[in-house]
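Worksheet: one structure, shown below.
Fair warning: this is a prediction, and the values are worked out from it, not measured in the lab. Lettering follows sequence order; numbering is per chain, from 1.
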Amino acid sequence: MSETSTAAPPSPPAEPAPREPRDRGGLLAYLIGHQSGVVILVALVISLLVGAALIRYQGVNPWFAYETLVREALVTPGAFTRTLQKTAPLVLTGLAVVLPLRLGLFNIGGQGQFAMGAVMGAWVAYVAGGTGFLGALLGMLVGIVFGALVGLLVGVLKAYRGVHEVISTIMLNYIIAGITFWLVVGPLQGESSKTSGIPQTEPIPEAAQLGALGGVPIGFAIAVVLAVAGWWMLSRTTLGFRFNTVGANKSAAGYAGIPINRVVVLSMMLGAGLAGLGGALEAEGTLHRFEPAIVGTLGFDGITIALLARANPLATIPAAFLVGVLRTGAAGLQFNTGIAPEIVDLLLAIILLMVSIPVLGRWLFRSRAAKTSVATTSWGS
Amino acid sequence: MSDPTPTEGTPRPVGHDTSQEHLASVVTNEAILGLPPEQSGFGEGNVGEVLLDVQGLSKSFGAVHANRDISLSVRRGEIVALLGENGAGKSTLVNQIFGLITPDSGTVSVKGDTAPIKDPRDAIRRGIGMVHQHFQLVPVMTVAENMMLGHESTRGGGFLDVDSARTMVRELSARFGLAVDPDAVVEDLPVGTQQRVEILKALSRKVDLLILDEPTAVLTPQETDELLGVMRELADSGTSIVFITHKLREVLAVADRVYVLRQGAVVGEVATAATDARGLATMMVGREVVLSIDKATATPGAPVLEIEDLHVQDDRGLVAVNGFSLTVRAGEIVGVAGVEGNGQRELVEALAGMRKVVSGTMRLGDLDLTTADPHRTHHAGVGHIPEDREKHGIVSSYSIADNLVLNEYDQEPFARGGVRQFDAIRENAETLREEFDIRSSGVMQTAGSLSGGNKQKVVVAREMAFKPRLLMAAQPTRGVDVGSIEFIHRRIVEARDAGAAVLLVSAELDEVLSLADRIAVVHGGAVVAEMDGRDADRTEIGRLMAGDH
Amino acid sequence: MGTWVAKNRTTLVVAAVVLVAAYVFYYAKNDIAPSMYGAAWGYAIPLVLAALVGVIGERSGVVNIGIEGQMLLAAFAGFFSAAATGSMAVGILAGIGTGLLAGGFLAWTTVRWRMDQIIAGVVLNIIATGLTSFYLVSGKTLPGVIPNIEVPLLSQIPLIGDTFFSGRSAIALVAIIAAVVVHVGLFHTRWGLRTRSVGEYPSAADTAGINVERLRLVNVTLAGSLAGLAGVYLSMDASSSFERGMTAGRGFLALAIMIMGAWRPLRAVAMALFFGFVNAVASQLQQTGGFDVPPQLTGTLPYVATLVVLALAAGRVRGPAAAGQPYVKKDQ
Amino acid sequence: GCGGSTGTSGGGSTASGSGSAGAAGAPTDDSKCADPAVFCVGLVTDTGKVDDKSFNQSAHEGAMAAAKDEGGFYKYIETQDAKDYAANISQFTNKKYDVIVTVGFLMADATTAAATANPDTKFIGVDQGYDATKVTAKNVTGLVFPEDQAGYGAGYLAGLMTKTNKLGQVLGLEIPPVQKYAKGFEAGAKAANPKVTVATVYHPAADNAFNDPVWGAGEAKKMLAQKADIIFGAGGNTGNGALQEIAKASGAGTDVFCIGVDTDQWDTVPAAQPCLITSAEKLISQGVTDTVKTAKAGDFEGLQTLGKAGLSPFHDFDSKIPADVKAKVADVVKQMEAGTLKTGVTL
Ligand SMILES: Nc1ncnc2c1ncn2[C@@H]1O[C@H](COP(=O)(O)OP(=O)(O)OP(=O)(O)O)[C@@H](O)[C@H]1O
Ligand SMILES: Nc1ncnc2c1ncn2[C@@H]1O[C@H](COP(=O)(O)OP(=O)(O)OP(=O)(O)O)[C@@H](O)[C@H]1O
Ligand SMILES: [Mg+2]
Ligand SMILES: [Mg+2]
């Protein structure tokens with residue numbers, strides 16, 4: 001069963017020390033970045049200690065449990081690749097929350113946008129599968145486009161009709177769940193599934209499936225590139241400046257000649273497009289077809305990741321990787337220790353809590369603590 | 001906690017009239033300067049009793065020493081003014097007295113009680129009332145609701161008694177001659193009226209000490225005079241007042257004594273009777289300040305801005321600009337004088353492309369800007385110093401450098417191919433910081449941490465740096481200290497001399513009178529009179545502004 | 001009175017039209033209409049309670065996206081306490097108490113520690129999911145049922161009586177009462193004035209001598225009891241079991257209802273009813289057949305209807321201005 | 001590994017992943033599964049838990065019982081993400097388990113793939129129908145059940161019992177096993193009583209369709225109000241919600257009744273007892289136990305193994321159901337088993 005005979009080296013998880021995205025300038029930036037790195041490290045240690053207590057209470061040696069978790073996620077042959085495979089869509093759904101959050105828009109529609117991209121991407125990759133990698137590429141494009149269309153709807157409703165994005169994204173999650181399910185018991189249902197009635201599309205031909213290059217899944221590589229691109233866009237380009245300005249002071253953005261409505265729509269389209277791409281990649285790289293269960297909780301996990309990453313696109317990579325490690329290792333943890341996999345949710349909650357408690361920074365750094373705020377959402381407006 | 005209508009002092013049969021009377025002649029300070037402080041008729045042996053005593057007060061924000069070892073005292077019935085440049089620490093000082101900020105060291109005692117003032121609640125209980133530099137009104141609530149907040153009149157276990165609140169508003173409003181409608185929603189009111197509500201709110205509780213932090217910054221001359229009258233009246237009945245303003249005229253008109261702050265420390269204390277505007281300004285800034293601008297006679301060139309029969313609506317969809325026509329030529333400053341709320345704000349926003357035009361045209365040279373957005377307007381060569389700098393002018397969380405390219409961010413050399421060029425942005429900022437004397441620790445400091453005057457300088461620098469053909473300056477020196485006013489005025493004149501057309505909109509009649517080459521008086525959204533700046537008459541303009549034509 | 005009518009004219013007209021339509025349908029299709037109204041209200045009950053939690057929170061300046069988690073924890077605690085002690089009353093109290101605790105958690109982290117409110121809510125949701133599924137024990141049953149009550153007189157009114165005042169437990173009644181109480185409280189009492197000021201412009205409240213932090217702490221914590229009641233309703237009244245993730249997104253729907261209801265309790269009730277009714281229509285379409293629309297698509301009807309209504313209803317509603325922002329005093 | 005205890009010791013966890021079969025001499029861990037003398041059974045759930053009172057739980061109990069009977073070792077993994085099927089199966093194949101049970105039709109692909117890659121291990125796919133043209137491995141069998149027959153029997157009973165001629169079904173997600181139950185129920189009811197109408201609702205959402213008892217209860221309540229007097233709850237916890245609601249209704253057990261699904265819900269959902277006349281049961285536990293034993297003994301008989309489905313005992317209602325009704329239902333069930341009666345259900 002082991003696809004890779006050479007076990008990937010157990011490189012330690014990347015330091016999840018997100019830097020502040022904005023150009024705060026020389027020393028100050030370094031200190032702030034450094035400080036939040038330390039805070040996060042301490043937060044992680046505290047979280048693991050709390051988790052250890054929970055595990056101990058289950059009658060399991062915490063050290064053994066953590067060792068198992070890490071081993072199962074990183075060391076076991078093929079595990080590292082699988083972890084990266086799990087990380088890829090999480091990075092993208094994380095970015096789907098991060099980009100609009102920069103404008104103060106809270107996208108909780110990752111679930112739906114992901115599903116939309118997945119179903120259309122899977123179908124196109126199947127139809128165009130004969131063309132090999134081109135088919136895969138087409139599938140991704142279609143995934144982006146359909147995700148972005150969902151975002152377009154949300155953005156237009158928000159910008160031009162004043163419909164709160166939290167409402168519209170929640171509603172669209174339900175609507176898309178219905179539509180995608182209908183698609184796979186109706187028009188897009190695979191021929192082979194029709195007799196058995198299983199709700200799924202035809203499998204994507206081998207040639208159009210996304211594999212791994214040297215143990216690194218192609219989907220993961222794409223996600224990382226996009227996270228870096230997202231960070232670059234936000235911190236270095238005029239488009240990013242527009243995003244940040246609208247988020248920081250809408251009135252000033254209008255005064256500065258930034259077309260606010262269009263930026264709002266664009267941010268939703270970009271975010272949702274990335275979630276849609278995540279769906280297409282997941283279909284092409286992991287499940288090799290669409291079935292409704294493909295979404296799982298990836299969209300909602302994206303919220304967790306965006307918040308862990310403090311709305312910094314680069315930091316979504318370590319944040320998603322952390323979640324990926326926990327989720328990959330969970331099954332092995334149950335297999336080896338009998339601890340139910342839900343322990344992972346508890347661990348995640350504790351980590352997010354610890355990482356985001358501002359008092360932790362204040363306790364550690366006294367009055368010199370950085371003022372951290374993810375982004376002020378325009379909740380009420 | 002919930003006194004319904006606070007009864008205050010004893011009724012004063014004549015106080016009202018006298019104050020109005022001496023305010024009518026406020027234009028020249030001399031009349032007031034002669035008023036000795038102790039002369040007023042507050043009796044009952046309170047003369048000289050120290051009501052507020054501040055000893056050794058210090059407060060730092062990180063590296064900024066906002067207050068250093070400040071000591072001062074205010075006697076009963078006395079009006080004490082605090083003067084100082086932007087960022088001198090005036091607001092910090094009074095916020096500590098009101099319990100909003102906890103001092104690092106030092107004591108504040110009120111009526112001999114030296115226990116620390118924990119919070120505003122505590123301050124209110126001890127008889128302190130305050131009008132804050134920034135409005136402390138809930139915008140979506142009515143005047144009555146705002147006035148009763150914190151000391152609500154209720155009946156039957158917590159149910160609001162709105163009627164008695166209305167009555168209270170009407171009574172107070174009648175007593176102090178400050179008209180407000182108790183049922184109006186605050187956000188719909190013009191700023192001047194909002195300020196009136198603030199003042200009445202402070203007066204609605206029984207106060208021994210009233211703190212007024214720049215209450216006149218948003219008031220028209222008439223409204224200011226009304227307020228000064230109220231202050232005098234209150235002081236006469238025994239209320240002590242701490243009064244912060246940047247306008248020396250007001251200080252000289254109403255205060256008994258003045259404390260001058262510089263960089264967080266008291267640098268001088270003087271009785272108003274013993275000084276004049278020039279002396280105060282010098283104490284404040286530490287150097288001679290030129291209070292009047294000497295500018296050469298304008299040499300107007302070709303028309304730059306031509307506005308014809310413009311109609312614009314306000315936020316609520318009501319007509320605000322109603323058939324406005326005006327021409328501004330190159331090399332001249334045209335001042336728009338008028339009571340606030342006569343469509344000036346909507347006019348400027350329409351010109352800047354931020355507000356839709358209902359009908360009429362506006363042209364910049366050959367360009368029709370009637371339907372242009374802010375982006376196009378800016379690139380057509382229009383510089384715009386907005387009225388509300390916190391809302392429109394700056395992004396507080398951004399660095400000074402970013403704020404200095406706020407509307408040029410996507411232009412060469414600050415961006416190339418959609419990629420921002422940080423070296424160029426920083427260089428630009430260093431140059432402008434130097435040229436416009438923006439006091440900060442560096443160009444990467446966040447704009448939000450600057451003092452008001454320096455924020456304004458950031459905006460002025462940005463809007464002047466690109467050498468606009470037309471410069472629109474809306475209330476350019478509001479809330480700015482005299483030193484900065486002098487500076488900004490000089491830059492505006494320099495821009496004119498360099499050939500720019502300047503449209504100056506100001507509620508500050510003095511500002512218009514001293515700067516403008518030509519004056520257009522607006523009333524009801526239209527120009528009611530135009531005159532040459534040199535032979536403009538203050539009283540005449542005041543009459544026109546009030547709609548008397 | 002006259003001004004009140006004038007002020008609420010649109011609302012009154014809409015309400016009147018809806019009411020007339022409701023009665024027409026009630027008498028015209030008496031075989032199914034009453035059951036559909038019943039289903040609509042049954043669906044709306046937890047949404048109303050949860051939306052009130054959101055309203056109180058945001059009116060005080062605290063965004064609560066952890067309602068889902070609060071409900072889940074309370075449903076869990078209520079069910080298992082009742083099962084363990086053999087007393088429904090203990091279960092109900094435990095559920096409400098858990099809601100309070102969860103509210104207290106949110107309040108403390110966001111108000112005292114000034115944690116980002118969105119993060120705190122998300123944390124609450126994940127903690128709830130993790131705890132309740134990790135510690136779930138299967139095979140437990142409730143010791144009894146929460147009895148239904150008939151409200152005398154009121155239950156005799158056609159339509160309104162059989163929908164709201166009969167055949168339901170006290171929790172449903174509490175939901176109505178709570179909505180009215182919160183509405184009156186918010187708009188006609190001292191507590192409400194202060195709460196709204198704290199949610200709109202906390203520094204104005206502070207300078208008026210109101211203890212912003214304390215009011216927020218108290219409000220958000222107490223509102224938790226309503227979330228607790230909603231949870232109890234789910235696991236002990238509307239169904240008699242606790243299942244993993246059984247809140248099924250109702251906490252988020254409640255937020256949508258809150259916004260649709262313009263942060264006003266009674267309007268939120270109306271919106272929850274609207275939502276519940278479209279749900280009943282969707283399942284009725286499935287069940288009566290004749291329509292050849294697949295159930296997956298009819299199931300999306302309530303959500304589509306919501307979007308369409310919102311997109312058509314011009315004019316945007318504005319929430320409490322300070323919701324989402326911690327109140328930081330000047331020198332902190 | 002280092003010296004840590006596994007879940008088998010200690011305990012305290014209610015969701016303990018492993019439990020050794022109690023027989024003396026049975027292995028206590030899976031370190032020796034590769035040894036032919038040591039018999040190890042592993043089970044991977046669908047994205048569900050082994051305590052779901054439904055098919056995961058039944059399969060789990062069946063597999064555990066088989067391991068116990070054979071003196072073997074048993075362990076399970078609960079899948080959290082549909083994309084982990086293969087990885088979770090490989091946990092067992094890595095340790096050379098002898099028999100691996102996978103639960104749910106969505107795991108069909110992963111199961112057959114693992115079977116091909118691990119020819120020495122036997123695989124049992126519960127609820128999985130394989131395409132004989134594609135699957136050639138001999139070490140795998142799909143254990144399927146004639147849900148339509150169980151549904152038909154239940155529907156037949158309901159058709160005979162109803163007084164209002166209105167029946168209802170509150171269902172989970174619209175997927176094959178559920179559809180087969182539902183269509184069988186409707187066919188059976190109509191066969192017994194042509195005047196009957198059957199109101200049918202599937203849960204609209206995709207992700208929590210089997211876990212929404214509140215929705216199930218609401219739908220049941222609505223159907224009762226529309227005069228349905230026997231309601232079939234078939235959708236995991238969603239259906240259970242319907243059963244419990246009916247049990248609370250006035251007239252439960254005298255005028256209105258409910259019918260459970262999958263297992264004998266008299267035992268799994270005691271709260272439904274006041275109205276539960278029977279359950280349309282597929283004998284998953286027994287089927288799994290039998291098939292695991294077959295696997296130990298030798299090769300599977302075919303690519304598909306057909307389990308049994310039928311009606312659960314009437315329990316307390318045994319005396320309340322008229323004898324002629326019972327006889328007619330028994331006759332129908334017998335005919336279906338014999339193959340002489342077809343339900344006519346196709347998907
Ligand atoms: N909360 C704060 N955090 C950091 N620095 C502050 C804070 N409040 C005030 N300062 C700084 O303290 C100094 C004094 O500010 P203060 O507001 O008291 O000045 P001011 O005299 O009232 O000025 P202005 O005339 O502009 O109102 C300024 O340098 C200001 O930037
Ligand atoms: N049947 C209904 N349908 C829709 N909305 C309703 C209905 N009943 C009440 N409402 C809503 O509930 C609110 C009740 O009116 P309102 O807020 O005016 O109550 P009030 O206590 O009289 O307050 P006030 O007089 O201060 O405005 C309205 O906002 C209205 O939108
Ligand atoms: Mg100040
Ligand atoms: Mg063996």
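For the residue pair C:Gln117/C:Asn64, the side-chain donor-acceptor check at 3.5 Å is not satisfied. In summary, the side chains of C:Thr195 and C:Asn219 do present a donor paired with an acceptor at a separation below 3.5 Å, with no hydrogens or angles considered.
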Margin query: Is there a salt bridge (charged side-chain N to carboxylate O under 4.0 Å, His left out) between B:Lys90 and B:Asp213? Walk through the geometry before answering.
Written below: CA-CA 8 Å; B:Lys90 306 179 294 292; B:Asp213 191 352; over 6 Å; no
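Residue contact with chain C, scored on non-hydrogen atoms closer than 4.5 Å, involves the backbone and the side chain of B:Leu149 alike.
The residue among B:Leu137, B:Asp161, B:Val162, B:Leu160 with the most heavy atom pairs within less than 4.5 Å of chain C is B:Leu160. Between chain C and the options B:Ala123, B:Ala202, B:Pro120, heavy-atom pairs under 4.5 Å are most frequent for B:Pro120.
The cationic group of C:Arg264 lies under 6.0 Å from the six-membered ring centre of C:Phe187 and within 45° of the ring axis, placing it in a cation-pi geometry.
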